[in-house]
Enquirer: 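Could you have a look at this structure, given as structure tokens, before my questions?
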Amino acid sequence: MTIGGSIALIIIGAILTYAVNYEFSGVDIRVVGIILMLGGLIGLVIGIARIASARRRVAAPPSAIREERYYEDPALGYEEPPARRRRY
């Protein structure tokens, strides 16, 4: 449940509890409104807790990147030994 949905439940519950005077047989509108408000409050607390925990999570910094480049210098007139690998 999102925070917006929770606030909507609280508003609908408050309207049913305090502003509606209509009565059904066997259904108390005020109790339904209170139940909706409580459900909205619980959803709001859970939504805020999820946002707070998501902000605390920090991604691990990337490891250091090391780049090595080996090249031949044609002016020296020799090549590297074959055991050494060249990286470009």
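Remember, predicted model here, so these are calculated numbers, not experimental data. Atoms considered below: every heavy atom in the structure, side chains included; atoms not considered: hydrogens, waters and symmetry mates.
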Enquirer: Would you list the atom pairs, donor with acceptor, under 3.5 Å between side chains in residues 10-24 and any protein atom, with sequence neighbours excluded?
Expert:
from: Thr17; atom 1: OG1; to: Gly13; atom 2: O; distance (Å): 2.7
from: Thr17; atom 1: OG1; to: Ile34; atom 2: N; distance (Å): 3.3

Enquirer: Considering only Ile, Leu, Val, Met, Phe, Trp and Tyr, and joining two whenever side-chain heavy atoms are under 4.5 Å apart, list the other residues clustered with Ile35.
Expert: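 Taking Ile, Leu, Val, Met, Phe, Trp and Tyr as members, Ile35 shares its hydrophobic cluster with Val31.
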
Enquirer: Would you say Ile3 and Leu9 are hydrophobically clustered, going by side-chain heavy atoms of ILVMFWY under 4.5 Å?
Expert: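 Hydrophobic grouping puts Ile3 with Leu9.
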
Enquirer: Tabulate below the donor-acceptor pairs under 3.5 Å that side-chain atoms of residues 40-49 make, not counting sequence neighbours, or state none.
Expert:
none

Enquirer: Given the rule that I, L, V, M, F, W and Y join up when any side-chain heavy atoms are under 4.5 Å apart, are Ile29 and Leu36 in one cluster?
Expert: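 Result: yes, single cluster for both.
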
